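This report refers to the structure that appears directly beneath it.
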2 protein chains.
Amino acid sequence: MTTNAAPPTSGTDRFLAAELAGEASFLIARARSRGSALANDRLAPLGLRVRSYSVLSLACSGLRPTQRELAEFLSLDPSQIVALVDALEKDGQVQRIPDPSDRRSKLIEATPSGAALYARARALTCEAEDVSLGGLSATEKTEFLELLNKAAFPIG
Amino acid sequence: MTTNAAPPTSGTDRFLAAELAGEASFLIARARSRGSALANDRLAPLGLRVRSYSVLSLACSGLRPTQRELAEFLSLDPSQIVALVDALEKDGQVQRIPDPSDRRSKLIEATPSGAALYARARALTCEAEDVSLGGLSATEKTEFLELLNKAAFPIG
DNA sequence: ATTAATGGTTGACTTAATCAAGAATATCAG
DNA sequence: CTGATATTCTTGATTAAGTCAACCATTAAT
């Protein structure tokens, strides 16, 4: 038996001492990488990814977003929304509905099938979130979400 | 004058009521998108991006990481590290040093030029972080970083 | 000494991000 | 109303990022 007193953490723990480990951009990138990998794994059986899931989620919100609004809210390029909605629409989960007040824009709404899919997907992403944030207590989790919200929506 | 009592926030604020707005994966994705866009803009004049910056940062840490360690710590594929180190090395900011204890692996260390570049880059990313997390008070910021750390490094 | 495992590298391939331009519609100035 | 300007969605091109399998050199295990 070697002098193996260290717990089986990770092997790169010594880099926690580096300046980088204190920078938000790095920590967010790493948290996102882990979290979205988890969520994507769980969503895969449903034919969804975190991206398409987020579009489906807003399509299910009853708020009838336009594609432009989806792009802004999700921090994506409008052309990316086109591709995401195309895929969901071809799959019958979502519909493009002509905006009565502006014939340029299209309202994105979930079909019944899409709503059912979302219900299942939502359970999976919540599960993934629980795993992903497993290191946080319940109160820490809510505090974290609150601060994340402020970071994600600066002025608003 | 229309009944425009709402402050000029964003135009998509109504989606804050959607379920999605309470999910960590979405909030993290959005925070990262905003944050890394800010950081990339500031780093661009130095010929860096957040990715290459993070490699340079660890190369400047004095911890002499191997490429494998960089990949693990940064949640990147080893082949991505190759490309990042290639670019930094060709630019003279970083060196591949043969690991005396394992001739397979290479230790990544910053050159003096790389260290100088990092000093300037670090100032810019800190500045970007201040802007990015401008919605948080000082205490909230430290609390946020602490929670982010727990989310980014679950067990460790 | 053979076998298996690891670290770096390359190449192929898929997905994501960025950007410019076009068609349809809406808004605004005069 | 008319012409100029802006907006929405769309397409296409281009670059960056992520994923994966295979290879060589080396190390570790049997």
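Chain A is the first sequence line, chain B the second, and so forth, proteins listed ahead of strands; every chain is numbered from 1. It should be emphasised that the depicted structure is a prediction, and the values quoted were computed from it without experimental measurement.
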Worksheet item: Is the phosphate of C/dT9, meaning OP1 or OP2, less than 4.0 Å from a side-chain N or O of B/Arg96?
Response: yes

Practice prompt. Just call it for B/Thr66: base, sugar-phosphate, or nothing, with non-hydrogen atoms closer than 4.0 Å on any strand.
Written response: sugar-phosphate

Against the side chain of B/Arg104, the closest entry in D/dT19, C/dT6, D/dT10 is C/dT6

Quick note, A/Ser105 side chain, CB onward, closest among D/dC9, C/dT9, C/dT25 is D/dC9

Rounded to whole Å, the CG-P distance (B/Leu70 to C/dT9) equals 11 Å

To the nearest angstrom, the CZ-P distance between A/Arg32 and D/dA17 comes to 12 Å

(request) Answer yes or no: does a side-chain N or O of A/Gln80 lie under 4.0 Å from OP1 or OP2 of C/dA17? (result) yes

Q: Assess whether one donor atom and one acceptor atom, taken from the side chain of A/Ser79 and the base of D/dC9, lie less than 3.5 Å apart.
A: no

> Looking only at side-chain N and O atoms, does B/Arg103 come under 4.0 Å of OP1 or OP2 in D/dT27?
Replying inline: yes

Out of C/dT9, D/dC20, D/dT10, minimum distance to the side chain of B/Val82 belongs to C/dT9

Here the distance between atom P of D/dC9 and atom CG of A/Leu107, to the nearest Å, is 9 Å

Consider only side-chain N and O atoms of B/Gln93 and B/Ser113, and report whether a donor and an acceptor are under 3.5 Å apart. yes

**Message:** Apply side chain to side chain donor-acceptor pair (under 3.5 Å) to residues A/Thr12 and B/Glu69 and explain how you reach the verdict.
**Reply:** CA-CA 6 Å; A/Thr12 52; B/Glu69 289 172 324; over 6 Å; no

In whole angstroms, the gap separating C1' of D/dC24 from CD of B/Gln67 amounts to 15 Å

From the candidates D/dC20, D/dC9, C/dG8, the one with an atom nearest any side-chain atom of B/Asp77 is D/dC20

Of the candidates D/dT27, D/dC9, D/dC20, the side chain of A/Lys106 sits closest to D/dC9

Think A/Arg51 has a side-chain N or O under 4.0 angstrom from the OP1 or OP2 of C/dA16? no

Atom CZ of A/Arg49 and atom P of D/dA17 are separated, to the nearest Å, by 17 Å

Taken to the nearest whole Å, CG/A/Asp99 to P/D/dC9 is 9 Å

Smallest heavy-atom separation, B/Ile97 atom then B/Glu109 atom, equals CD1-OE1, 2.9 Å

Winner on side-chain proximity to A/Arg68, out of D/dA17, C/dT9, D/dT8, is D/dT8

Here the distance between atom C1' of D/dA16 and atom CG of B/Leu84, to the nearest Å, is 11 Å

Checklist entry - Taking the six-membered ring for Trp, are A/Phe153 and A/Phe73 ring centroids under 6.0 Å apart? => result yes

To the nearest angstrom, the CD1-C1' distance between A/Ile81 and D/dT10 comes to 13 Å

>> Using a strict threshold of under 4.0 Å (side-chain N to carboxylate O), is an ion pair present between B/Arg49 and B/Asp41?
In response: no

